[in-house]
Each structure stands twice: as structure tokens, then as C-alpha cells.
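Chain A is the first sequence line, chain B the second, and so forth, proteins listed ahead of strands; every chain is numbered from 1.
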There are 4 protein chains.
Amino acid sequence: MRAGRPRDEGVRRAILVAAQELVLERGYAAVTMGDVAKRAGAGKQTLYRWWPGKGALVLDAFSEWVSQAPRLRGPRRPSLSSTLVELCRGASEAAPVLRALMAEAQFDEDLHRRLLAQLVRPRGDELRACLVDRRPADRELVVNVLSGLVWQRLMLNEPLDARFVRFALRVVERI
Amino acid sequence: MRAGRPRDEGVRRAILVAAQELVLERGYAAVTMGDVAKRAGAGKQTLYRWWPGKGALVLDAFSEWVSQAPRLRGPRRPSLSSTLVELCRGASEAAPVLRALMAEAQFDEDLHRRLLAQLVRPRGDELRACLVDRRPADRELVVNVLSGLVWQRLMLNEPLDARFVRFALRVVERI
Amino acid sequence: MRAGRPRDEGVRRAILVAAQELVLERGYAAVTMGDVAKRAGAGKQTLYRWWPGKGALVLDAFSEWVSQAPRLRGPRRPSLSSTLVELCRGASEAAPVLRALMAEAQFDEDLHRRLLAQLVRPRGDELRACLVDRRPADRELVVNVLSGLVWQRLMLNEPLDARFVRFALRVVERI
Amino acid sequence: MRAGRPRDEGVRRAILVAAQELVLERGYAAVTMGDVAKRAGAGKQTLYRWWPGKGALVLDAFSEWVSQAPRLRGPRRPSLSSTLVELCRGASEAAPVLRALMAEAQFDEDLHRRLLAQLVRPRGDELRACLVDRRPADRELVVNVLSGLVWQRLMLNEPLDARFVRFALRVVERI
DNA sequence: CCTTAATCGAGACGGTACGTCTCGTCTTGTG
DNA sequence: CACAAGACGAGACGTACCGTCTCGATTAAGG
């Protein structure tokens with residue numbers, strides 16, 4: 001086994017919780033690594049030891065939060081509409097964070113990759129899974145359109161509400 | 001007439017040119033207000049007198065650049081496909097700047113408004129103008145889908161090439 | 001006579017009054033040339049046309065103020081003690097301005113000369129005039145000592161009160 | 001022991017040396033905190049962490065310089081005249097800095113206190129120590145007069161040479 | 001037990017951009 | 001020409017974060 005003091009799991013949790021709280025309280029831009037460290041009772045070095053920067057840290061903090069969300073679907077394949085509703089509900093709640101992360105990712109290649117792998121692709125896969133009875137080419141097309149609509153709404157700061165879901169479903173119907 | 005020394009138009013131009021050059025040379029993130037001032041032979045205060053920050057300045061710099069682009073369509077209404085081709089060509093060239101501006105706008109309410117008014121809406125209107133023979137409800141739908149696809153491609157750093165245009169047109173056809 | 005519009009005496013007065021008021025209200029350091037111009041309803045250029053900087057302007061403003069002070073001595077030569085009392089009273093009232101001017105003069109050769117000519121030397125001469133019955137060598141000595149004591153008190157921000165006058169007179173007695 | 005990285009003594013020295021050099025090269029007014037930082041190879045924040053501003057920093061820089069001056073008096077109490085000679089020699093060399101510091105102190109309450117404690121009072125005490133055989137009241141009187149004469153000479157930018165020392169001693173003799 | 005190696009909190013450090021401030025000059029139109 | 005208004009170049013200011021570093025203290029695992 002590796003020598004030396006092992007990573008303190010409690011510290012990791014404390015940091016993620018602190019990051020989450022602070023971002024929810026003040027918004028992403030108004031939170032610094034130093035703030036998170038102080039709130040978590042940790043040293044800045046401990047943050048930088050495990051995350052390359054604020055983006056990756058906050059991404060992890062909210063990845064956990066998202067994955068705690070109820071994924072309690074039955075064994076049956078979920079419908080596209082229910083999946084989209086759920087996706088929009090989540091995106092709507094976390095909208096400010098998602099906007100900030102996607103924005104930061106434009107300036108940070110590494111964060112861009114992480115964001116794709118941890119948030120963008122998994123959600124695309126969820127949608128794709130609802131479309132197994134479509135032709136493969138159509139499937140990609142629909143996923144692209146839906147995902148484009150959702151991200152656009154986020155970046156333009158427009159609501160991802162029931163009305164939007166109806167609109168999106170109407171679009172998909174016609175493809 | 002207004003009292004005091006009038007705004008020096010030459011300085012305004014010099015600043016916009018400097019901003020444009022520097023952003024093209026180094027990329028948005030690597031350019032500072034001080035750099036632009038120095039390159040333009042201007043004082044920092046002069047920049048801040050007329051623009052609230054880097055985002056708004058660069059937006060103006062590239063707004064001018066975009067509006068200098070050939071808009072030499074004949075009297076005939078342009079086709080959707082040619083408009084989309086042109087739009088993607090422009091967006092592709094300016095992609096790094098557009099990404100950066102949209103990103104910055106997520107942290108800056110004022111820049112967000114400016115970006116919508118100066119870039120997002122005008123381009124949407126261009127598309128809309130190609131769709132006058134569609135039913136109004138469909139029109140909005142198509143504009144939304146296209147614009148969503150384009151912005152998503154930009155933010156995900158994927159190419160806005162001919163393949164994408166074909167893909168987008170195929171989507172629209174089926175709506 | 002010089003061609004062109006003659007200097008507007010009212011403007012000159014307004015500027016001096018504004019300078020005086022502002023310095024009394026906020027203190028020398030917190031007043032800028034722009035402030036004075038605004039308060040006087042004048043342009044900054046008008047200030048710089050007639051004074052080289054804030055120091056010289058404030059010096060003029062308070063020179064006038066000082067010279068408005070009652071100089072109502074009878075035909076008889078004033079006593080050293082009454083002169084010193086009067087001098088300390090004036091210096092005490094204007095202490096903050098005098099400190100600031102002397103300070104500024106340390107960074108500004110021109111102001112230094114003006115300060116000497118308009119404030120330091122005249123006051124020395126007043127003292128000298130009370131000492132005509134001393135031997136010339138002693139006279140300079142006494143004037144130097146008194147002036148040194150007063151300026152030191154000013155710069156060290158200690159009171160120029162009756163107690164100080166008594167102290168100073170005691171010193172002079174013993175020389 | 002105190003937590004955190006301890007203050008780097010080498011950096012402190014480097015900053016003081018840089019401040020001293022720059023002030024001697026260019027004069028107090030022409031040196032900025034940024035200049036000192038650059039010359040010292042330090043960050044500006046490090047300067048502001050330990051000193052409130054240029055005044056306090058330069059005061060420290062020259063306090064060290066002064067206290068490195070030979071204080072090698074024998075066990076015997078030094079004479080007033082030799083002390084005064086030494087004092088004037090030091091003040092003469094450092095005259096530009098002393099003038100600037102005293103000037104700055106007129107605009108800065110905190111610097112004023114520091115200047116008194118680190119420069120004015122210690123020098124007064126040196127003089128006082130030479131006057132132990134005088135009556136206490138006379139002692140204060142003499143110290144005041146001498147210190148007044150010296151500071152006045154500094155602020156009026158007149159030489160603190162041998163002639164001045166003779167003059168000052170003549171004054172004291174007669175008190 | 002005692003060394004070794006990595007972790008932890010704390011906070012100093014070099015670096016750099018920020019947005020503001022003041023200075024003294026300039027460029028208008030008006031009297 | 002003087003004058004009010006105010007834009008302009010210049011550059012210092014003090015602050016804010018960044019990401020790295022240097023401490024002493026802590027915590028296992030391996031000798």
C-alpha cells in the first residue's frame with residue numbers, strides 16, 4: 001500500500017459541502033478557492049491537491065448533488081417525456097451553476113472535458129435510451145436538437161419550465 | 001450643442017481596432033484592458049469611460065467586424081440554406097470570440113443583454129426572414145432549433161462546417 | 001494693452017473662495033483641482049492658466065485670508081510678545097493648511113519658493129521689527145529660534161497656545 | 001508555535017534594501033510601491049502585508065540605515081557638541097528622505113506617529129542625555145530649541161553644516 | 001519503537017489584472 | 001483671447017485571487 005498518511009475522506013466531504021453551500025449562497029463567480037477552504041476548515045493546498053481549480057471542484061460538488069437525485073425508475077424503460085421533464089427540473093434548479101460551469105469551461109480545456117464527461121454526455125445518454133425504437137440516425141438527430149434547445153435556454157437564461165418541455169416535445173414529434 | 005470637448009472618434013476606432021487585433025492574436029482571456037489601452041495609445045480611463053468592461057468592448061469590436069461582412073444579397077429574399085451557410089461561416093471564423101463572449105455574459109447581466117441585442121437576436125431575425133412562408137408557430141420553432149444547434153456546437157467546441165449545415169437543414173426539413 | 005479678452009477678476013475671486021472653502025471643509029489633501037473648478041463654476045484650464053498647481057492656489061487663497069486679518073497696530077512699534085501672540089493665533093487657526101503647504105513644498109521647488117516669499121519671510125520680518133533694539137547678530141538668532149519653535153510645533157501637530165507663547169518668550173528672554 | 005508559513009526574513013530585507021536604493025537613486029517622490037516590489041523581486045501584496053504604505057516602508061528602510069550608523073561612543077557621556085555634530089551629519093546625508101517623510105507625515109496620521117517614535121523622539125533623547133547636568137526645565141527648553149532649529153533647517157532646505165552647528169551651540173550657550 | 005512518507009491547516013509568497021483616481025493638457029463652442 | 005465643459009494620455013493606487021511554497025503537526029505503514 002502507499003506509504004504516508006492516507007487521504008482524509010472527511011476533509012474531502014467537507015470541501016465539497018462547503019463548495020456547494022457557498023455557490024448556492026453567493027453564486028459561482030463570488031466564491032473563491034480561499035473561501036471554500038476557510039468554510040471547510042481546510043488549507044488551500046488541500047483543495048489544489050485534489051482538484052485543479054474552482055471549476056472542477058464545483059463540478060464535483062454538484063455532480064454528487066445531482067447523482068443523489070432520485071433515479072428510482074422502475075425496470076421499465078422511461079418515456080422520453082418523463083425523462084425530459086426530470087432533466088429540465090434538475091437543470092432548472094441548478095441552472096446558475098450549470099451556466100457558470102459551461103461558461104468557465106470555455107476558458108479551460110480541462111474543465112471542458114470534465115464537464116462533457118460528467119454532465120453533458122450522461123444526460124445525452126439518458127435521452128438516447130428513451131429513443132431505442134427510432135432509427136439510429138434519427139436518434140442522434142433528436143438528441144442533438146433536444147440538448148441544443150436545453151443548453152441554449154440555459155445560456156440565454158430562459159426558463160426550462162413545463163411550457164418549454166411541451167415545446168420541445170412538439171419539435172421532436174415532428175421529426 | 002453639448003459643451004466640452006467632443007468624443008474623439010479616432011480614439012474610439014483605435015481602441016476597437018486594438019481590441020480586435022489583440023483578441024485575434026492572443027485570444028480573449030489573454031487580453032487585458034490595459035493591453036488594449038496600450039496598443040491603442042489610449043489611457044485606461046478612456047476605455048472605461050465608454051465601455052463598462054472587456055466584454056462590452058470586445059463585443060463592440062466584433063460587432064463592427066461582423067457588420068462589415070458582405071451583406072450584399074440581391075433584392076430577392078435569401079434562401080434558408082444560403083443564410084445558414086453564411087451564418088455558420090461567420091460563426092466559425094469568430095468562434096473563439098463568440099464562445100468567450102457568451103461565457104463572460106453568464107457572469108455579467110449587462111453584457112448578457114448587450115450580447116442578445118447585438119448578436120443573438122439579429123442573427124435570429126435573419127433566419128426568421130427566410131421563413132416567411134412557414135406558419136408563424138413553426139417559424140419560431142425552426143429558429144429556436146437552429147439557433148440552439150449552432151450555439152451548442154459553439155459551446156461544445158465542435159466544428160460548424162458544411163457537414164453540420166447539411167445536418168441542420170435535414171432537421172429543419174423534417175419539421 | 002494685451003489683446004484678447006481680459007482676465008475675469010470675478011472668476012479669480014470665485015476660484016480662491018472655492019479653494020478656501022473646500023480646504024476648510026475637507027482638508028487640503030482631500031481637495032483636488034477638479035473639485036475647486038467645479039465648486040467655483042470654472043473650468044480646470046482656468047485654474048491651471050493662473051496657478052501652477054494646488055499648492056500655489058491654496059497658498060494664494062490663504063494669503064488673502066491672512067492679509068484680511070486685522071493688522072490694526074497703532075503707529076507705535078508692537079511688542080514682541082503681542083506680535084508673537086498674534087502670530088500664534090493665526091498659525092493656530094490655519095495650522096492644517098500651513099502644515100499641508102509646508103509639506104507639499106517639500107516635493108515642489110516652486111511652491112517652496114512661493115511659500116518662503118509669501119508666508120515664512122513676512123512673518124520673520126514682523127518678528128524682526130520688534131527686535132530693533134537688539135544687536136543685529138542677536139536679532140537673527142532670536143528670529144531663527146522663534147520661527148524654528150513655531151514650525152516645529154506645527155509639523156509635530158502640537159498646540160500653539162498661550163502656554164507655548166510663554167515658553168517661547170522665556171527662551172528669548174534668556175538669550 | 002504560530003501556524004502557517006513564517007514570514008520570510010530575506011524578503012523583508014530585500015524589500016527594505018530595494019526601498020533604500022530606489023529612494024537614494026530617484027528620490028522619495030519618484031518611487032512607487034510597485035517599483036520597490038519589482039526591484040525586490042516581491043509581490044506588491046507582500047509590501048502591503050507588512051507596511052501600510054510607502055511612508056512607513058521608507059521610514060523602516062532608513063531607520064535600519066540610521067541604526068547601523070556608528071553608535072560607538074565610549075562609556076563616557078558624549079558632549080553636546082559632538083552629539084550635535086553627529087546628528088547634523090546624519091540629518092544632512094539623509095536630508096531629502098527626512099524632508100519627504102516629515103512632509104508625508106503631515107497627510108498621514110499613522111506615519112506621523114511612527115516618525116515621532118522612530119526618528120524624532122530618539123534623537124531628542126540623545127540630546128537630552130548630554131544635558132543631564134542642566135536643570136530639568138532648562139533641559140526641555142534646550143532640546144526643543146535645538147530640535148526646532150534642525151527641523152526648520154531641513155524643511156527650509158538650508159544646509160546643516162558646521163556653520164549651523166556653531167550657530168546652534170552659540171544659542172544654547174546663552175540659554 | 002521509530003523511521004518514512006504523505007496528508008493536513010495555516011498563511012506567506014510572486015504575480016498579475018482589476019477598476020478608480022488625480023494630474024495636467026487638449027479640443028470643442030461661446031462670449 | 002478668456003472661459004466652461006469635459007475628453008484625453010499617463011500612470012500610481014490599493015485590492016483581489018490565483019496557484020505555489022513552507023512551516024509544524026498528524027497519521028498510517030514498514031522496518
Side-chain angles (χ1 to χ4, degrees), chain A residues 1-8 10-12 14 31-35 37-38 40-54, chain B residues 1-12 15 29-35 37-38 40-50 52-54, chain C residues 2-8 10-12 15 29 31-35 37-38 40-54, chain D residues 1-12 15 29-35 37-38 40-50 52-54:
Chain A
M1 197 232 185
R2 275 193 18 263
R5 179 174 176 175
R7 176 170 187 182
D8 185 333
V11 168
R12 185 182 145 272
V31 174
T32 73
M33 290 297 262
D35 293 337
K38 185 154 288 179
K44 281 172 62 179
Q45 191 59 262
T46 305
L47 275 66
Y48 283 106
R49 212 190 322 271
W50 305 111
W51 293 275
K54 184 168 68 158
Chain B
M1 196 232 185
R2 270 182 42 251
R5 179 176 178 175
R7 177 169 185 181
D8 186 331
E9 193 59 23
V11 168
R12 184 182 146 271
I15 291 170
V31 174
T32 73
M33 290 296 263
D35 293 337
K38 186 154 288 179
K44 281 172 63 179
Q45 193 59 257
T46 303
L47 274 67
Y48 283 106
R49 205 189 329 270
W50 303 112
K54 186 168 64 157
Chain C
R2 282 197 4 266
R5 178 173 174 176
R7 176 169 186 183
D8 184 333
V11 168
R12 185 181 146 272
I15 291 170
V31 174
T32 73
M33 291 296 262
D35 293 339
K38 185 153 288 180
K44 281 172 62 179
Q45 193 59 261
T46 305
L47 274 66
Y48 283 105
R49 211 188 325 270
W50 305 111
W51 293 274
K54 184 167 68 158
Chain D
M1 198 233 181
R2 271 185 38 253
R5 180 176 176 174
R7 178 169 185 181
D8 185 332
E9 192 59 25
V11 167
R12 185 182 145 271
I15 291 170
V31 174
T32 73
M33 290 295 263
D35 293 338
K38 186 154 288 179
K44 280 172 63 179
Q45 193 60 254
T46 304
L47 274 65
Y48 283 106
R49 207 187 328 269
W50 303 113
K54 186 168 66 157

Check this one for me: any side-chain N or O of B:Thr46 less than 4.0 Å away from OP1 or OP2 of F:dA7? no

A:Arg12 CZ to E:dC8 C1': how many Å, rounded? 16 Å

Grab the CH2-C1' distance between D:Trp50 and E:dC13 for me, whole Å please. 11 Å

Pick out the pairs of N or O atoms, protein on one side and nucleotides 1-5 of chain E on the other, that lie under 3.5 Å.
none

Checking contacts here: which listed nucleotide (E:dA12, F:dC3, F:dC23) is nearest the side-chain heavy atoms of D:Pro6? F:dC23

In whole angstrom, give the distance that lies between atom CZ of D:Arg49 and atom P of F:dC17. 14 Å

Give one of base, sugar-phosphate or nothing for C:Trp51, where a contact means two heavy atoms less than 4.0 Å apart. nothing

Just how far, in rounded Å, is P of F:dT22 from CD of D:Glu9? 17 Å

Could you state the CG-C1' distance from A:Leu47 to F:dG19, rounded to the nearest angstrom? 12 Å

Listed pairs under 3.5 Å, donor-acceptor, residues 40-49 of chain C side chains, sequence neighbours left out:
none

Value in whole Å for how far the C1' atom of F:dT27 lies from CG of A:Asp8: 10 Å

Classify every nucleotide of nucleotides 16-22 of chain E by which part a protein heavy atom approaches to under 4.0 Å, writing B for the base, S for the sugar-phosphate alone and - for neither, in 5'-to-3' order. -SSBBBS

With sequence neighbours excluded, residues passing side-chain contact (heavy atoms from CB on, under 4.5 Å) with B:Arg12: B:Arg7, B:Glu9, B:Leu16, B:Trp51, B:Glu64

